[in-house]
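Following: one structure in structure tokens, then a few remarks.
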Amino acid sequence: QIQDLHVELKSKIDELSISESKYRSLFENALDCIYLISADSSEIIDANEIGSQQLGYKRDEIIGHPIEKIAPAINLKTHRKNLKLILKSDKPLLLHSHHRHQDGTMIPIEVSSSPIEIENQLSVLVIVRDITARKEAEDKIKNLNQSLVEQLTALEDAMELRGKIFSASPVGFSIYNGDGQCLEANA
């Protein structure tokens with residue numbers, strides 16, 4: 001009977017090891033930054049490699065540090081307020097913010113946060129996506145739209161001026177198409 005318990009225990013340990021390996025692989029190979037934040041202290045409990053590299057840090061330089069090291073807009077008070085929102089909602093909290101690179105550069109990010117309990121400790125699972133390219137594309141589209149509006153306004157103004165000149169001219173004007181058909185005349 002002890003032998004059977006030993007075999008069963010070994011089987012469970014192997015299953016846990018495989019599960020841990022699978023989830024560690026998912027965690028480490030994600031293209032987005034993943035952080036595990038303490039609900040109590042706002043300290044970074046764990047981070048995937050990209051979560052530190054993207055900010056110019058080594059992993060051990062951010063683990064154990066408060067979230068404000070990389071997220072200047074998040075202090076302990078804000079963290080607790082966001083935690084309350086996360087706990088009240090049945091959906092992840094999605095927000096836009098900025099992370100601070102080690103060199104001081106601010107990086108626009110999209111953040112998804114969910115509560116998670118690990119080893120009877122309430123934590124926050126935070127998945128962060130760098131949206132620099134998206135913001136640059138949005139700004140480019142906004143600038144192109146603004147330029148288009150300005151060009152259309154200038155065209156409308158030119159057409160209005162053409163109409164005034166055309167109708168007020170003491171000299172007769174006619175506009176014909178390629179087939180010789182008169183399209184417009186000022187009298």
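From a predicted model like this one, the values you see are computed outputs, not experimental measurements. Positions are given from 1 along the sequence.
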What's the shortest heavy-atom distance between [X] and [Y], and which atoms?
X	Y	answer
Gly180	Tyr176	O-CD2, 3.3 Å
Gln54	Cys33	OE1-SG, 3.1 Å
Ile70	Tyr57	CG2-CE1, 4.1 Å
Pro115	Ile86	CD-CG2, 2.8 Å

> Is it true that Lys135 and Asp139 make a salt bridge, defined as a side-chain N closer than 4.0 Å to a carboxylate O?
Replying inline: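 Looking at Lys135 and Asp139, the cut-off is not met.
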Side-chain heavy-atom pair [X], [Y] within 4.5 angstrom cut-off:
X	Y	result
Val111	Val126	yes
Ser123	Ile45	yes
Phe27	Ser25	no

> Taking it one step at a time, do Glu110 and Leu94 satisfy side chain to side chain contact (heavy atoms under 4.5 Å, CB included)?
Replying inline: CA-CA 7 Å; Glu110 182 176 77; Leu94 186 65; 3.8 Å; yes
Starting at [atom1] of [X], measure out to [atom2] of [Y] and round the result to the nearest 0.5 Å.
X	Y	atom1	atom2	value
Leu93	Ser112	CG	OG	8.0 Å
Glu160	Asp157	CD	CG	6.5 Å
Gln53	Gln102	CD	CD	12.5 Å
Leu16	Lys12	CG	NZ	8.5 Å
Ile13	Glu15	CD1	CD	10.5 Å

May I ask whether [X] and [Y] are part of the same hydrophobic cluster, defined by side-chain heavy atoms of I, L, V, M, F, W, Y residues being less than 4.5 angstrom apart, directly or through others?
X	Y	answer
Ile44	Leu95	yes
Ile109	Ile67	yes
Ile37	Leu122	yes
Leu26	Ile127	no

>> For the CD atom on Glu184, are there more than 12 heavy atoms of other groups (residues, nucleotides or ligands in this structure) within a distance under 6.0 Å?
In response: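 Atom CD in Glu184 is packed in, count exceeds 12.
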>> Within the supplied structure, the quantity of interest is the number of heavy atoms (other residues, nucleotides, ligands) at a distance under 6.0 Å from Arg59 CZ; does it exceed 12?
In response: yes
>> Applying side chain to side chain contact (heavy atoms under 4.5 Å, CB included) to His96 and Ile131, what does each step give before you reach the verdict?
In response: CA-CA 9 Å; His96 291 94; Ile131 57 171; 3.5 Å; yes
>> Using side chain to side chain contact (heavy atoms under 4.5 Å, CB included), reason through Tyr35 and Asn48 one step at a time and then give a plain yes or no.
In response: CA-CA 7 Å; Tyr35 304 97; Asn48 63 353; 5.8 Å; no
Main-chain N/O of [Y] paired with [X] side-chain donor or acceptor, under 3.5 Å:
X	Y	result
Asn186	Val171	yes
Ser147	Asn143	no
Ser167	Gly163	yes
Lys69	Glu61	yes
Arg100	Glu68	yes

> Passes side-chain hydrogen bond (donor to acceptor under 3.5 Å, both in side chains), Asp40 versus Ser38? Steps please.
Replying inline: CA-CA 5 Å; Asp40 295 328; Ser38 166; 4.9 Å; no
>> I need the single residue from Leu31, Asp32, Ile50, Ile107 that forms a side-chain contact (heavy atoms from CB on, under 4.5 Å) with Asp130. Which is it?
In response: Ile107
>> Consider side-chain contact (heavy atoms from CB on, under 4.5 Å). Of Val124, Ile63, Ile118, which one does Leu36 pass it with?
In response: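 Result for side-chain contact (heavy atoms from CB on, under 4.5 Å) with Leu36: Ile118.
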> Strictly by modelled atom types, are Gln146 and Glu150 linked by a side-chain donor-acceptor pair under 3.5 Å?
Replying inline: yes
> Is the closest side-chain donor-acceptor distance between Glu136 and Thr132 under 3.5 Å?
Replying inline: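 No, no side-chain donor-acceptor pair sits under 3.5 Å.
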> Hey, mind stepping through Glu28 and Arg24 against salt bridge (Lys or Arg N to Asp or Glu O under 4.0 Å) and telling me if it holds?
Replying inline: CA-CA 6 Å; Glu28 291 302 335; Arg24 179 53 61 181; 3.1 Å; yes
> Can you check side chain to side chain contact (heavy atoms under 4.5 Å, CB included) on Glu8 and Asp4, steps first, answer last?
Replying inline: CA-CA 6 Å; Glu8 186 178 336; Asp4 291 342; over 6 Å; no
